[in-house]
Amino acid sequence: MTDEQPAHRYTAALAGRIERRWQDHWEQHGTYHAPNPVGPLAGPVPEDKLFVQDMFPYPSGAGLHVGHPLGFIGTDVFARYHRMNGRNVLHTMGFDAFGLPAEQYAVQTGQHPRKTTEDNIQTYLRQIRRLGLGHDERRRISTIDPEYYRWTQWIFLKIFHSWYDPAAGKARPISDLEAQFTSGERATPDGRPWAGLTAGERQAVLNEHRLVYLSDAPVNWVPGLGTVVSNEEVTADGRSERGNFPVFRRNLRQWMMRITAYADRLIDDLDRLDWPDKVKAMQRNWIGRSHGARVRFTVGDPQDADVEVFTTRPDTLFGATYLVLAPEHPLVDAITAPAWPSDVDGRWTGGADTPAAAVAAYRRTASTKSDLDRQENKEKTGVFTGAHATNPVNGARIPVFIADYVLMGYGTGAIMAVPGQDQRDWDFATEFGLPVVRTVAPPEDFDGEAFTGDGPAVNSGFLDGLGIAEAKKAIIAWLTEHDHGHGTIQYKLRDWLFSRQRYWGEPFPVVYDEDGTAIALPESMLPVALPEVDDYSPRTFDPEDADTVPSPPLSRATDWVEVELDLGDGPKTYRRDTNTMPNWAGSCWYQLRYVDPTDQDRFCAPENERYWLGPQSPGDPGGVDLYIGGVEHAVLHLLYARFWQKVLYDLGEVSGVEPYRRLFNQGYIQAYAYTDERGVYVNAGEVVEEGGKFFFDGKEVRREYGKMGKSLRNVVTPDEMCEAYGADTFRLYEMSMGPMEVSRPWATKDVVGAQRFLQRLWRNLVDEETGALRVTDAEPDEATLRLLHKTIAGVHDDYANLRYNTAGAKLIELNNHVTKSFPDGAPRLVAEAVVQMLAPLCPHVAEELWQRLGGAESLAHGPFPSADERYLVEDTVEYPIQVNGKVRGRVTVPAGAGQDEVKAAALAEEKVAVLVGSGAPRKVIVVPGRLVNIVL
RNA sequence: GCCCCCGUAGCCCAACAGGCAGAGGCAGCCCCCUUAAAAGGGGUCGAGUGCCGGUUCGAAUCCGGUCGGGGGCACCA
């Protein structure tokens, strides 16, 4: 059938030939090479630059489906548009190739992860090359390349050798801290002079301050993965984000990064970013800053201990009728009374004979509950410790409980319970028969339980009558003055757990001496290469078995682990750290390496960093000009990368405080999937629709909507689309489906619309039978010029604002006009402009047509047409005339007509005149250039 | 439970800062080309904007409520 088609029709086959030709051309000519100010990639640089970046892809073994390139094409169109308009555009793509998925894929396929990962990268590169993305391929990087991770390790060392100086509000070299201790400017923790401490003691003191430190705190242990993971990688229901395995809290010695030191700056600088509000909100929420106070309660009869609580509502202190400690709270044993008071409430004892027995039993039950159980079951439980505390503000004697609704991990692990103003406390108080004292007067008509709204303080002594805000101030001043507490800020954010017990990651540039002291390796020993091992598979465990311990694969590489080094005091034997970094490490700084991918001496030359990523104006945080990716990294990658950027900024290594100035979340391409009567997925490509029902192989199937994936049997690949329609058609279709940020269903049957448009456009310029150019030297008429310039103006605006769907529509509209008005071929003037405007969306066919039109050079660097104002202003305006808000007629008046003129013309219009009748209208509204509304 | 976003022709989507509901594509229908067909050409049909109420001369657009869909957070003191 194809042999019947005209020889020069723009078919998939022709598109394919054109596309391959131009892809080769671009590669050979380095069309998308963006010059740097200095270094190996230096060249003449225009002042006006643009750095566009896609979120670091992981080269999956499954290859791409049509959803993946959506963002890549989006950035490419934006980059091409700006490149055509004269800017120096940096756009490239590398690979985030370390990490669990790569390792799991390798284990599955029985091949070394380096092999599978590198193969996958090749597949990926082949797939994205076919899409015609204008990448500077000199800047391809991969996190698994030792020349890349050498600098990841280098940054780790920088962070390790730093501490956060709260006084300066920034990170400083640890040597500054050491100098402060040496000079006595800063006292040692126990007051001894610095010189009096042993070397080990000094290191221990410094380690307390480092931004990277080893910690024995409880961490998230995932036996099913054989590794620990960070808080950010644990889902709300207490399972691992990857693999969905149970997560257990265990004390393990692990590397942590002190991201909490940056909590305030990470929140405050969000205001300086051009990011979706949703993502900002998620980060604010994750960091969870809350202002409140710490209050000390004396516990015991007589005084045994001070229990400190954190509260965001210190103003309600007079209403605290009991205290609650987390079951794991370290003071519980100390305060638990030897016996119940004689009049103890039966509900408080848990049926035990002594408080100690009750506490032990309660702790046992609590520890067997998973986080999920705790969350799902919001019934309040707890037991009385037999102890009482004294409310510092009024001397009231209040009982102390333990209950699992108080979490050890937040605040101080202890609360003052104010049932009158807190629903959780209300629920507990109701369950246990505890008194309620309202300290904020609810409105008259309030019929709820705890009242959390604002109102005047009551039952609160010197606070009475004050609103919440003033009462907080007053009570904090009182607590401070009487040494019962102080105002404070609390964060939900925890330090970042930075080690993994996996093979496929960056090794730590750290060794341990015979005492087990961690020693950072000197820069000269970087990179610490990942050793080749036979058995790289992680030791995983029964996912439910909490009592297992991690066993890093690197610990089995004994001849790598034991190493003889001269670290200053002669050759000695050390043990290497056998953990690897989390896969987030590589993506924390990759934009810096894109800027200077081949620099041997530094992770990025400062001149290049300033040019591409530096602040552009006072107050500008700096960063990538447009960063496109999915919303799923809102608090993982994006938070970690911001943290590293800030540390590097504090240390003077980079000029901007933020890595990504503007963030844009593209939507997802989703797809229908179909299941048969057994619930088994059937090949979605073979399902047919009939009368609103769906059939596969003649049998009705059920339709569901969601992701595209192998197991759902609904994957459509860009390769298939390029084969069947060509890459330009595919690009155009993806960009036409809707606005970039909206998720939408994939519909292969709709792709033909994009292809028809390109065929029509091609036909307007090229004779389908002979291949000859069909462009004429005819002067376009006025109407065509008006439409042309209106289109140019609109398309500029659309491209600049990522509205590619409407840009495409405007080009179709213009082309339709050309088809109708110029059956003998397009006027050259119009043809050239159309081709130029098409180029960002469909670069191959645009290059081809441009060349046929006589363009000597690639269209990649322009020209791009600009609109002539002359054709944008109309000489006449058609006004719709509304009568009481309904359109009843229309008049055409000169564009310069005054309001009175328009009004007169409107009233004279015959249909309107009939409606208005003889009486005068009550009101006539003339909206200049828009419409007339007559109110009767 | 709390917070955020979205509901416009059969489907995907336009409509800038309240001013004529339709730019574009798919499907449908008609016609042309064709022995025939369509991934060809030309044309055409099609919703009053989820629902209720308010503000306004005028509401898809602003406000309140409600229903439906999607997302985030969730015993964080």
Side-chain angles (χ1 to χ4, degrees), chain A residues 1-2 4-6 9 11-12 236-237 276-279 281-282 285-286 288 290 292 309-313 316 324 374-375 377-380 403-407 409-418 421-425 427-428 490-492 631 634-635 670 689 692 705 724-725 729 732-733 736-739 741-757 759-760 763 768 794 797 801 803 805-813 815-816 819-820 878-890 921-925 927 929-936:
Chain A
M1 67 176 195
T2 44
E4 301 249 349
Q5 278 180 348
R9 172 163 293 173
T11 58
D237 50 359
D277 287 339
K278 178 192 166 88
V279 175
M282 283 164 75
N285 200 294
W286 186 259
S290 46
V309 305
F310 171 73
T311 176
T312 55
R313 293 294 303 278
T316 63
V324 186
R374 270 197 181 196
Q375 275 168 31
N377 187 357
K378 293 192 178 170
E379 292 291 295
K380 294 289 177 288
D404 65 3
Y405 83 94
V406 174
L407 311 173
Y410 183 76
T412 61
I415 61 155
M416 62 179 213
V418 187
Q421 269 75 231
D422 184 294
Q423 190 60 42
R424 294 159 301 185
D425 297 343
D427 293 341
F428 189 88
Q490 190 66 44
Y491 304 90
K492 251 165 71 180
V631 74
V635 287
Q670 302 194 280
E689 184 182 353
Y705 180 58
Y725 299 97
T729 293
L732 180 66
Y733 171 65
S736 314
M737 290 170 78
E741 65 273 24
V742 170
S743 295
R744 54 268 124 116
W746 178 261
T748 298
K749 67 178 175 57
D750 292 0
V751 180
V752 67
Q755 189 179 34
R756 283 182 192 147
F757 161 60
Q759 280 180 347
R760 272 174 235 171
R763 192 183 299 119
E768 287 193 329
D797 198 40
N801 292 294
R803 291 194 302 258
N805 53 330
T806 51
K810 288 182 175 82
L811 292 176
I812 293 172
E813 207 181 344
N815 190 58
N816 287 349
T819 306
K820 244 178 269 183
E878 189 189 60
Y879 279 87
I881 307 158
Q882 295 183 339
V883 177
N884 290 339
K886 290 234 187 261
V887 179
R888 298 298 188 184
R890 43 192 79 230
R922 275 206 287 163
K923 201 170 177 183
V924 179
I925 294 135
V927 185
R930 288 287 192 177
L931 55 49
V932 180
N933 189 14
I934 298 165
V935 188
L936 296 182

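Just so we're on the same page: letters track the sequence lines, and every chain starts at 1.
- The nearest whole Å value for the distance from the CD atom in Gln755(A) to the P atom in rG40(B) is 8 Å.
- Of the residues near RNA chain B, Lys820(A) and Ala724(A), the one whose nearest nucleotide (by heavy atom distance) lies more toward the 5' end is Ala724(A).
- In terms of phosphate contacts, Arg756(A) brings a side-chain nitrogen or oxygen within less than 4.0 Å of OP1 or OP2 of rG40(B).
- In this structure, rG71(B) shows a glycosidic angle more than 90 degrees from zero, which is the anti conformation.
- Shortest non-hydrogen contact noted between Pro739(A) and Asn805(A) is N-ND2, 3.6 Å.
- Arg313(A) has no side-chain polar atom (N or O) that falls below the 4.0 Å cut-off from OP1 or OP2 of rA77(B).
- Contact between Ala634(A) and Met282(A) at its shortest, heavy atoms only, is CB-CE, 3.5 Å.
- Ring geometry, Tyr405(A) versus Phe428(A): the interplanar angle falls from 30° to 60°, so the pair is classed tilted.
- Spacing between rA74(B) and rG54(B) at atom P, rounded to whole Å, works out to 41 Å.
- With rounding to the nearest 0.5 angstrom, the NZ atom of Lys380(A) is 8.5 Å from the CG atom of Asp404(A).
- For the P atom pair drawn from rC6(B) and rG50(B), the interatomic distance equals 13 Å after rounding to whole Å.
- With both ends at atom C1', the span from rA59(B) to rU49(B) equals 11 Å, rounded to whole Å.
- Separation of the C1' atoms belonging to rU55(B) and rC63(B) is 7 Å when rounded to the nearest angstrom.
- In this structure, Trp286(A) and Val635(A) approach most closely via the heavy-atom pair CB-CG1, 3.7 Å.
- For the P atom pair drawn from rG19(B) and rA37(B), the interatomic distance equals 48 Å after rounding to whole Å.
- For rC29(B), the paired base is rG43(B) (Watson-Crick or G-U wobble, both distances below 3.5 Å).
- Comparing rA14(B) with rU8(B), their C1' atoms sit 10 Å apart, to the nearest whole Å.
- Side-chain atoms of Asn285(A) never come within 3.5 Å of backbone atoms of Ala281(A) as a donor-acceptor pair (strictly under, hydrogens ignored).
- Look at rG1(B): its Watson-Crick or wobble partner, with both distances under 3.5 angstrom, is rC73(B).
- The side-chain heavy atoms of Thr316(A) and Met416(A), taken from C-beta on, include a pair separated by under 4.5 Å.
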Using a cutoff of under 3.5 Å, can you pull out all pairs of nitrogen or oxygen atoms linking the protein to nucleotides 7-14 of chain B, with atom names and distances?
residue : atom : partner   : partner atom : Å
rC12(B) : O2'  : Met737(A) : O            : 2.9

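- Using a 4.0 Å heavy-atom distance criterion, Glu813(A) is classed as a sugar-phosphate-only contact.
- The same atom, C1', is picked in rG58(B) and in rC5(B); the two are 28 Å apart, to the nearest Å.
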Got a list of protein N/O to nucleotides 16-20 of chain B N/O distances below 3.5 Å?
residue : atom : partner   : partner atom : Å
rG19(B) : N2   : Asn933(A) : ND2          : 3.4
rC20(B) : O2   : Arg890(A) : NH1          : 2.6
rC20(B) : O2   : Arg890(A) : NH2          : 2.5
rC20(B) : N3   : Arg890(A) : NH1          : 3.0

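- Nucleotides rG10(B) and rG46(B) place their P atoms 11 Å apart, quoted to the nearest Å.
- Each of Glu768(A) and Lys923(A) was matched to the nucleotide of RNA chain B holding its nearest heavy atom; the match closer to the 5' end belongs to Glu768(A).
- The closest side-chain heavy-atom distance from Val751(A) to Trp746(A) is below 4.5 Å.
- When Watson-Crick and G-U wobble pairs are counted only if both distances are under 3.5 Å, rU66(B) pairs with rG50(B).
- Thr819(A) comes within 4.0 angstrom of sugar-phosphate atoms only, judged by non-hydrogen atoms across all strands, and of no base.
- In this structure, the separation between CD on Gln421(A) and OG1 on Thr311(A) is 10.5 Å, given to the nearest 0.5 Å.
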Just the atom pairs and distances: protein N or O near nucleotides 69-72 of chain B's N or O, under 3.5 Å.
residue : atom : partner   : partner atom : Å
rG71(B) : O2'  : Lys278(A) : NZ           : 2.7

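- Nearest heavy-atom pair across Tyr725(A) and Thr748(A) is OH-O, 4.0 Å.
- At least one side-chain heavy atom of Val631(A) sits less than 4.5 Å from a side-chain heavy atom of Lys278(A).
- In this structure, the side chains of Thr412(A) and Gln490(A) stay at 4.5 Å or more apart for every pair of heavy atoms.
- Using a 4.0 Å heavy-atom cutoff across all strands shown, Ser290(A) reaches sugar-phosphate atoms only and no base atom.
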